[in-house]
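This report refers to the structure that appears directly beneath it.
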There are 2 protein chains.
Amino acid sequence: MKKKLEDYDLHASCPIRNVLDRFGDKWSILVILLLGEHKTAMRFNEVAQTIGDISQKMLTVTLRTLEADGMVVRKHYPEIPPRVEYELTDLGKSLLPYINGLAQWAVKNYDTITKSRKKFAARKQLVS
Amino acid sequence: MKKKLEDYDLHASCPIRNVLDRFGDKWSILVILLLGEHKTAMRFNEVAQTIGDISQKMLTVTLRTLEADGMVVRKHYPEIPPRVEYELTDLGKSLLPYINGLAQWAVKNYDTITKSRKKFAARKQLVS
DNA sequence: GGTATTTAGTTACTTTTGGATACTCAAAGG
DNA sequence: CCTTTGAGTATCCAAAAGTAACTAAATACC
């Protein structure tokens, strides 16, 4: 029995799923945090270098998606070589407190989590 | 020039990356929210049915990972048919306020984001 | 006593996502 | 001319996520 498109879309209207799915990618939260820390607008390569290990493709995709969602503004200066600056919109800034809270939680509990992971891995060894 | 494993691990020690990467999957946050709402422990299929469109495999993987991170406890009763119950640990509960904040933000700004997406898609049409 | 049911999880397979690399455009510098 | 520069595309490939079908083992039903 084949599923119809509607079946997949059943949950597409759920705001929580819909919006949180966007942070389900590897880079969006990181880029928002970064743009949030930086008070002035950042250029493409500046973001890329600060993150360090993101490919051009993924940074482009991530910034485009954030732009589409209205989280980020893209200012393009028609110069040669091209200059493009990004900064958070008010919407993007309004998200900042929440993901900063999350980031602080992450720092605070990092040790606990790391230990838990090691313990779990060790237990797995015993069983196998 | 080939990259060594160490190069990839440069950022592996960053708590924010390391922990936030875990929410980079589609289901973890959703499962934590769900277990957080539910006051009593939940069974595997109860979680699966509430979410609705998660496969057995992905629920297994998600719960295992959350267990490894110490966010969830897994209580296994050696019965036939098997019974397994899941609930949040204190660590998992401590994360709840932050992702609840995120979820509320999502609900509040869903409309704005949806409109922004449509506008962006329309603009793209014009250019192409 | 054969068969369907129930539950948590695994295996084998397919699809989607992410990443490495090379290429583009258009002007300025040597 | 030929290279450099910034912000990307285009293409191809590997890795991750996701799906469908399967398993075990006791019980309920017929």
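Here is how names work: the chains are called A, B, and so on, in the same order as the sequence lines, proteins then strands, and each is numbered from 1.
Counting any heavy atom pair closer than 4.0 Å across all strands shown, B:Y77 reaches no nucleic acid atom. Using a 4.0 Å heavy-atom cutoff across all strands shown, B:K26 reaches sugar-phosphate atoms only and no base atom.
In this structure, A:R43 does not reach the D:dG6 phosphate: none of its side-chain N or O atoms is under 4.0 Å from OP1 or OP2. At the phosphate of C:dT6, neither OP1 nor OP2 sits under 4.0 Å from any side-chain N or O atom of B:N45. The phosphate of C:dG18 (OP1 or OP2) has no side-chain N or O of A:W27 nearer than 4.0 angstrom. The side chain of A:R74 contributes an N or O atom lying less than 4.0 Å from OP1 or OP2 of D:dG8. For the pair A:Y86 and D:dG8, the criterion of a side-chain N or O lying under 4.0 Å from OP1 or OP2 is met.
Using a 3.5 Å distance cut-off with no hydrogens or angles, the side chains of B:R83 and B:N45 do not pair a donor with an acceptor. One side chain, A:S28 or A:D25, offers a donor N or O that lies under 3.5 Å from an acceptor on the other.
The minimum heavy-atom distance between A:G70 and B:S116, with the atom names listed, is N-OG, 3.1 Å.
Across A:K75, A:K93, A:M42, a single residue satisfies side-chain contact (heavy atoms from CB on, under 4.5 Å) together with A:E87, and that is A:K75.
Taking atom CE of B:M42 as the reference point, atom P of C:dA8 lies 11 Å away to the nearest angstrom. Distance B:L63 CG to C:dT7 P: 16 Å, rounded to the nearest Å. For the pair B:F44 CZ and C:dT7 P, the computed distance is 11 Å after rounding to whole Å. We find that CG of A:L59 is positioned 13 Å from P of C:dG18, with the value rounded to whole Å. The distance from atom CZ of B:R83 to atom P of D:dA25 is 20 Å, rounded to the nearest whole Å. D:dG8 atom C1' lies 13 Å from atom CD of A:E67, rounded to whole Å. If you measure from atom NZ of A:K57 to atom P of C:dG18, you get 8 Å, rounded to the nearest angstrom. Nucleotide D:dG18 holds its C1' atom 14 Å from the CD1 atom of B:I51, rounded to whole Å.
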Working for side chain to side chain contact (heavy atoms under 4.5 Å, CB included), residues B:L95 and A:W105: CA-CA 7 Å; B:L95 180 60; A:W105 182 93; 3.6 Å; yes
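Note that CZ of A:R22 and CG of A:D69 are 4.0 Å apart. Values are rounded to the nearest 0.5 Å.
When distances run from any side-chain atom of B:Q56 to the nucleotides D:dG8, D:dA21, C:dT11, the shortest one goes to D:dA21. Closest to the A:T60 side chain, of the nucleotides C:dA20, C:dA8, D:dG8, is D:dG8. Residue A:S55 has its side chain nearest to C:dG19 when only D:dT5, C:dG19, D:dT19 are considered. Taking every side-chain heavy atom of B:M58 into account, D:dT19 is the closest of C:dT10, D:dT19, D:dG8.
The nearest heavy atom of DNA chain D to A:R64 and to A:I80 marks one nucleotide each, and the one closer to the 5' end goes with A:I80. Along DNA chain C, the nucleotide nearest A:P82 and the nucleotide nearest A:D25 are compared for position; the residue whose nucleotide lies closer to the 5' end is A:D25.
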